[in-house]
Amino acid sequence: MSRIEAVRGTQDLLPEDTARWQEAERRIRDVLTRYGFGEIRTPVFEHAELFRRSLGLGSDVVAKEMYEFTDKGDRQLALRPEGTASVVRAFIEHSLPQKGGRHKLYYVCPVFRYDRPQKGRFREHHQVGVEVFGNPAPSQDVEVMDLGDAILGALGVSGFERRINSNGDPACRPAYEAALRAFVEGRKDRFCKDCAGYRLEHNVLRVLDCKVEACRAATADAPKLVDHLCDACRAHHETVLAHLRTLGLDVVPDPRLVRGLDYYTRTCFEYVPKDAGQQGTLLGGGRYDGLVELLGGPPTPGVGFGMGLERVLDAAPREPAAPSLAAFVLSTSVDAYPRAFRLAQALRRAGVACELGQEGKSLNSQLRASGSSGAGWAVFVAPGTGSVGLKNLATHVQEDVAEGEVAGRLAPAKP
RNA sequence: GUGAGUGUAGCUCAAUGGUCAGAGCGCCUGGCUGUGGCCCAGGAGGCUGUGGGUUCAAUUCCCAUCACUCACCCCA
């Protein structure tokens, strides 16, 4: 009988991990609140069609990475492979566009992709995402980028690079794609077979971020999208750069930066650690002015990003965990256990975090446990009634204290 | 989806084609004459990932499968 293990690419988080995750999430939510964002929660699964429509049939995510299934009612469903589509769906479904104004939403949730697992890549991972609807201004792009920066800062992550580019919009991108296609076609022999093949056919922009050395060399003098932007896109991009300077955010222009998803327009950005390998992208996002309309809503500008929590936590410094226990109650003999049990109950109800030596264990064993528990105090309980021994485990000083006074001595001061 | 490496006690790792597969750490019990972190002694715990094959004999050789790690692809 073989035992059942966690599904490939998924992982369990044990208490030593969840303590760190909880602290990180607390800080993240704190920053988001300060930036005026409200949380949205959407289902983990949706109609598969939602993702097909928003990401595009040609995307890798839709083509081969979705966890799709049919439910008992014959619905074609999929576990969400990313967060934006669901948020846009809910945004439209609840008639938020009709309410006008600006909507700033965030989410923290698991997402699923059928990928081959490796360092920094899982089949289930967690994203913090933000989406802002209703504001076409360049400053909105920058507020979102600054927010990403603030979150990473709150988690102690440093040493990353902010890369930025503009993907243009439906008015100017087609002309650029034609120019790039002509460029590649003119020297097919200098590109790898993927680039000269289906990328040239289906998604020329992808040729720009091919990792093959020959392709990188061959595209060195390729036409750049930033040089082909229409006036509106160029103005937008330049204002974004100006606002970034205003806020003191250094960025690295990256003409090769192309988002893999079809709905991005104009600004796109990625924050990557300077020393990491290929799987290091901490956060990626950009503007998607056409998406709401694509999914059946009124034309509505949007901008946001998705941040991979596993990767961010991997890049964040590990801080020593604060001890969570105040006291450890030990029974000096089996007869004393009921009394120790009752004292532990009283302490816990009085607000003292305490642990109790296991029933039946030797005093020596209980002491070892108290030592490694991190508790500041040990309480020795002997059979009978009256006082108990209260020992400060750091100073080794022990004194007799009436049982009823222990809680008072250990309870945190009430405000 | 492609390629490479790994899979032996809870953890980190040894070992050999052949009698009972080892160590350190951890864990349990005890001692240091009723109180922890040091030290000492003893103990529990492995069908050597799973399934086949070769062989008189396999943990060791071969195949498959699963998982993990790393890279490609793609992304967070």
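Letters A, B, ... mirror the listed sequences (proteins, then strands); counts begin at 1.
- Taking atom C1' in both B:G51 and B:U29, the straight-line distance is 41 Å, to the nearest Å.
- Using modelled atom types and a 3.5 Å distance limit, the side chains of A:Tyr288 and A:Glu131 yield a donor-acceptor pair.
- Taking atom CD1 of residue A:Ile151 and atom P of nucleotide B:A76, one finds them 16 Å apart after rounding to whole Å.
- Listed candidates were B:A76, B:A67, B:U35. Nearest to the side chain of A:Phe122 is B:A76.
- Between B:G30 and A:Ser362, a contact under 4.0 Å exists linking OP1 or OP2 to a side-chain N or O.
- Listed candidates were B:C28, B:C74, B:G34. Nearest to the side chain of A:Lys361 is B:C28.
- At whole-Å resolution of the value, CG in A:Asn364 and P in B:G36 are 7 Å apart.
- Between the C1' atoms of B:U48 and B:A9, the separation comes to 10 Å (whole Å).
- Checking A:Thr10 against A:Leu282, the closest nucleotide of RNA chain B that is more toward the 5' end is the one next to A:Thr10.
- Both distances falling under 3.5 Å, in either a Watson-Crick or a G-U wobble arrangement, place B:C61 opposite B:G53.
- Residue contacts shown for A:Gly357 are absent, as no nucleic acid heavy atom lies under 4.0 Å away.
- Atom CD1 of A:Ile28 is separated from atom P of B:A76 by 17 Å (rounded to the nearest Å).
- When the P atom of B:C72 is taken as reference, atom NZ of A:Lys119 falls 13 Å away, rounded to whole Å.
- B:C70 sits 29 Å from B:C27 when the P atoms are compared, rounded to a whole Å.
- If you check B:U35 for Watson-Crick or wobble pairing at under 3.5 angstrom, you find it has no partner at all.
- Between B:G36, B:A71, B:C74, one nucleotide has an atom nearer to the side chain of A:Leu393 than all others, and that is B:G36.
- Distance from the side chain of A:Phe380 is smallest to B:U35 among B:A4, B:U29, B:U35.
- Considering only the side chain of A:Arg116, B:U2 comes nearest among B:A71, B:U2, B:G36.
- Counting only heavy atoms from C-beta on, A:Ser365 has its side chain closest to B:U29 among B:G34, B:C74, B:U29.
- One can place CZ of A:Arg121 at 12 Å from P of B:G1, the figure rounded to the nearest angstrom.
- Pairing of B:U29, defined by two Watson-Crick or G-U wobble distances under 3.5 Å, is identified with B:A41.
- Looking at A:Glu39 and A:Arg29, a side-chain N of the basic residue comes within less than 4.0 Å of a carboxylate O on the acidic one, giving a salt bridge.
- Under 4.0 Å is where a charged nitrogen must lie from a carboxylate oxygen, and between A:Glu405 and A:Arg409 no such pair does.
- At whole-Å resolution of the value, CD in A:Glu82 and C1' in B:A76 are 11 Å apart.
- Following rounding to the nearest Å, A:Asp60 (CG) and B:C74 (C1') show an atom-to-atom distance of 5 Å.
- Both distances falling under 3.5 Å, in either a Watson-Crick or a G-U wobble arrangement, place B:U69 opposite B:A4.
- Among the atoms of the strands shown, none is found under 4.0 Å from any heavy atom of A:Gln366.
- Comparing the C1' positions of B:A15 and B:A23 gives an interatomic distance of 11 Å, to the nearest angstrom.
- Of all nucleotides present, only B:A23 satisfies the Watson-Crick or G-U wobble test against B:U12, with each distance under 3.5 Å.
- Checking B:C32, B:A71, B:C74 against every side-chain atom of A:Gln118, the shortest atom distance belongs to B:A71.
- Remark: the separation of the C1' atoms in B:A57 and B:U16 is 13 Å, to the nearest Å.
- Ion pairing between a basic and an acidic side chain is recognised when a charged N comes within 4.0 Å of a carboxylate O; A:Glu25 and A:Arg20 show no such pairing.
- Only the P atoms considered, B:C61 is 15 Å distant from B:U8, to the nearest whole Å.
- Looking at A:Arg26 and A:Asp30, no side-chain N of the basic residue comes within less than 4.0 Å of a carboxylate O on the acidic one, giving no salt bridge.
- Comparing B:G24 with B:G42, their P atoms are spaced 11 Å from each other, to the whole Å.
- Using a 4.0 Å cut-off between a side-chain N of Lys or Arg and a carboxylate O of Asp or Glu, A:Arg162 and A:Asp149 qualify as a salt bridge.
- With respect to the salt-bridge test (charged N to carboxylate O, under 4.0 angstrom), the residues A:Arg89 and A:Glu46 qualify.
- For B:G7 and B:A44, the P atoms lie 28 Å apart once the distance is rounded to whole Å.
- For A:Arg368, taking side-chain heavy atoms from C-beta onward, the closest of the listed nucleotides B:C28, B:U35, B:A76 is B:C28.
- Across the protein-nucleic acid pair, A:Met66 atom CE and B:C74 atom P stand 19 Å apart, rounded to whole Å.
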